[in-house]
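I have placed the structure first, in the form of structure tokens, so that the comments after it can refer back to it.
Worth saying up front: this structure is predicted, and the values here are computed from it rather than measured. Here is how names work: the chains are called A, B, and so on, in the same order as the sequence lines, proteins then strands, and each is numbered from 1. When reading the values below, keep in mind they use all heavy atoms of this one structure, side chains included, and skip hydrogens, waters and symmetry mates.
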2 protein chains.
Amino acid sequence: MLPIAVDAMGGDHAPGAIVAGALAAAAEGTPIVLVGPPDLRDKVDIGELPLIEAGEVIEMDEDGGRAVRRKKDSTLVRAAEAVRDGKASAMISAGNTGATMASALLRMGRIRGVNRPAIATIIPVPGGQPTVLLDAGANAEVQADWLVQFAQMGSIFSQHRFGIDSPKVGLLSIGEEPGKGDSLRKDAYELLTAAAESHSELRFIGNVEGRDVMSDVADVIVTDGFTGNVVLKTLEGSLKAVVNGLLGAFGSTPEYKQHADALMPAMMPLYNTLDPETYGGAMLLGVDGVCIISHGSSSQRAIFNAINIAREMVEGDVVGEISRAISPAAA
Amino acid sequence: MLPIAVDAMGGDHAPGAIVAGALAAAAEGTPIVLVGPPDLRDKVDIGELPLIEAGEVIEMDEDGGRAVRRKKDSTLVRAAEAVRDGKASAMISAGNTGATMASALLRMGRIRGVNRPAIATIIPVPGGQPTVLLDAGANAEVQADWLVQFAQMGSIFSQHRFGIDSPKVGLLSIGEEPGKGDSLRKDAYELLTAAAESHSELRFIGNVEGRDVMSDVADVIVTDGFTGNVVLKTLEGSLKAVVNGLLGAFGSTPEYKQHADALMPAMMPLYNTLDPETYGGAMLLGVDGVCIISHGSSSQRAIFNAINIAREMVEGDVVGEISRAISPAAA
């Protein structure tokens, strides 16, 4: 297997946590190539890991598209080029999401027949299988037929990521009945119904609602990138608020703290289920290569998990499967 | 004060819980008139409460607009007519949301100058002031200038509901910078900025993100009814999933259960903050009368709280204030 290209400079804890995660994955036998500045070795111990040198770094607050066009020697652009040029099998970054998308899209290109790439993110479901939500922010505005491709790509991702044979795909709307929602949802409902009839591998279960996102109702939920991003960040915010509220309550007296400490082992599985680090990151589906987008706050553990996911997606040939599903004749 | 008209037949626990909540509010001195079938007294003890008779009930799963047009003698239509005809000061229902909106809109009418009514819902914020989110589902598709009116109406609601002098209004988008979001958000950002410059009572703080909904960043958040409804239901679903996950962990062994029981007093304030029943319901802003939309699962306590909110909104003349803000010359 070709090495996985890891952007050493992306994320709030780069390069330390990123390189540590890469070293941990390499120790378990996954081939890695770091992408970073020539003097990366002086900043952090990279062990025996090979390095693709890049002279520039795209910062978190830069405009993604513009930065990728301007910083042609950035770690993100060099990582995407490594995949394009057959020097790496996948790229991973916890850096600027817009720039990660733009570098993958501009350097790897789209899979033939794909209208637009979409970010497939993972929503934890306590006591159940996680839900794949896409698009989580690549396209603020979408057309109804793009949502059909999102459904196809999300199904393939769900199969490989979670081993679900025939993933249930829901359309996020505001009411379960077919006519509910805005005009985009009404059109998409018709197209998804027709696509499910002609593609036996697409299992469309109809409209789902916000309350179904963190549940077992659907395995894959498709929506536009505006709504998907709002949902994802609303969940992040609410979980953080609840966890902080609980921690405040637990720490309010020494006696409560004792009881809470005794309960920790019972609560840890739930906490781990809800922790985004468990899932390692989102995947940009529809580009011609594996691109994993990790959270900006990624720790060593998150990067380690992201690398394992990238490896699974490479070994499962998710990109090839999407290509064959979208353009059966061409593939 | 004119009595508050309570739809005795709306909601999963009607009429029992509804009438019980109304009786509790009446016992504290709030004038109430029930709206229900002529034989309501045979089904439930309504004490001394007066009754407006209505021969029909709109069920939860009916299409709201169609049901209101067909069932002219329904409790919802009669409740709205009571407000229109000066027999009641406000209406409350935990029934079919679409039908509640339609009956209020068709019978009370819009406030002059208001483009579209919007549902203002209350998002709990642990350790802080709740956030008013609108539109939570009245309009699946909106125009940018409607969002400016939502901002004005939401500000007035926030002032009266939570006593906030100069509520901070945010536009829900996917990125804090002005240019972020879809074309609707870009246009709305411009219009809200201009409106805040010409109306000193509107305090626009710019874009906010999903993670800010359950936080103190904004007092009022405006969005289209599709996104707002998805956010509201996503929050409901995630809180339910987390609470169920915690209860499962706490009950997993007798020892854990003991510790959890001891922690309950510490956790109750957080639980109460997050419980939708605490807030009684959402308000339909922009119609020419006070209309409170309670959750379908409302208990006696939720209805009691909804009645108190209706009373506050009547006493604070929120409808008059909205009218003066939207059409200063006409008022």
* Among the listed options A:M214, A:E141, A:E236, A:Q258, the residue most often paired with chain B at heavy-atom distances under 4.5 Å -> A:E141

* Go through the atoms of A:P265 and report whether side chain, backbone, both or neither lie under 4.5 Å from a heavy atom of chain B. => both

* Structure fact -> If you tally heavy-atom pairs under 4.5 Å between each of B:E255, B:E177, B:H259 and chain A, the highest tally belongs to B:H259

* **A:R161 side chain near A:Y279 side chain, heavy-atom distance below 4.5 Å** => yes

* To do: Find out whether A:T97 and A:I119 are in side-chain contact, i.e. whether some heavy atom of one side chain is under 4.5 Å from a heavy atom of the other.
  => yes

* **Closest-packed option against chain A by number of heavy-atom pairs under 4.5 Å, given B:G210, B:G175, B:G237** => B:G210

* Would you indicate whether the side-chain heavy atoms of A:L285 and A:F150 approach each other to under 4.5 Å? => no

* Can you tell if the side chain of A:L76 reaches within under 4.5 Å of the side chain of A:V68, non-hydrogen atoms only? -> no

* Tell me, side chain or backbone of A:T253 under 4.5 Å from chain B's heavy atoms, or both, or neither? -> neither

* With chain A, which of B:T223, B:I123, B:L235, B:D182 has the greatest number of heavy-atom pairs at distances under 4.5 Å? -> B:D182

* Asked: Quick one: does B:T193's side chain have a donor or acceptor within less than 3.5 Å of a partner on B:Y189's backbone?
  -> yes

* To do: Select one option (side chain, backbone, both, neither) describing which atoms of A:L274 are under 4.5 Å from chain B's heavy atoms.
  => side chain

* Tell me, do B:T131 and B:V220 make a side-chain contact under 4.5 Å, heavy atoms counted? -> no

* Any side-chain heavy atom of B:F162 sitting closer than 4.5 Å to one from B:V132? -> yes

* Region of A:T227 that comes under 4.5 Å of a non-hydrogen atom in chain B -> side chain

* Structure fact -> Looking only at A:M267, A:K180, A:K240, the option with the highest number of non-hydrogen pairs under 4.5 Å against chain B is A:M267

* Asked: Tell me, side chain or backbone of A:L239 under 4.5 Å from chain B's heavy atoms, or both, or neither?
  -> side chain

* **Part of A:L270 within contact of chain B (heavy atom distance under 4.5 Å)** => side chain

* Checking heavy atoms, do the side chain of A:T273, its backbone, both or neither come under 4.5 Å from chain B? -> neither

* How long is the span from the CG atom in B:D145 to the CG atom in B:D187, to the nearest 0.5 Å? -> 10.0 Å

* Asked: Between B:L172, B:D212, B:N244, which shows the greatest number of heavy-atom pairs under 4.5 Å with chain A?
  -> B:L172

* **Among A:L246, A:L232, A:V242, A:N139, residue most engaged with chain B (heavy-atom pairs, under 4.5 Å)** => A:L246

* Whether A:S173 side chain and A:R185 backbone form a donor-acceptor pair below 3.5 Å -> no

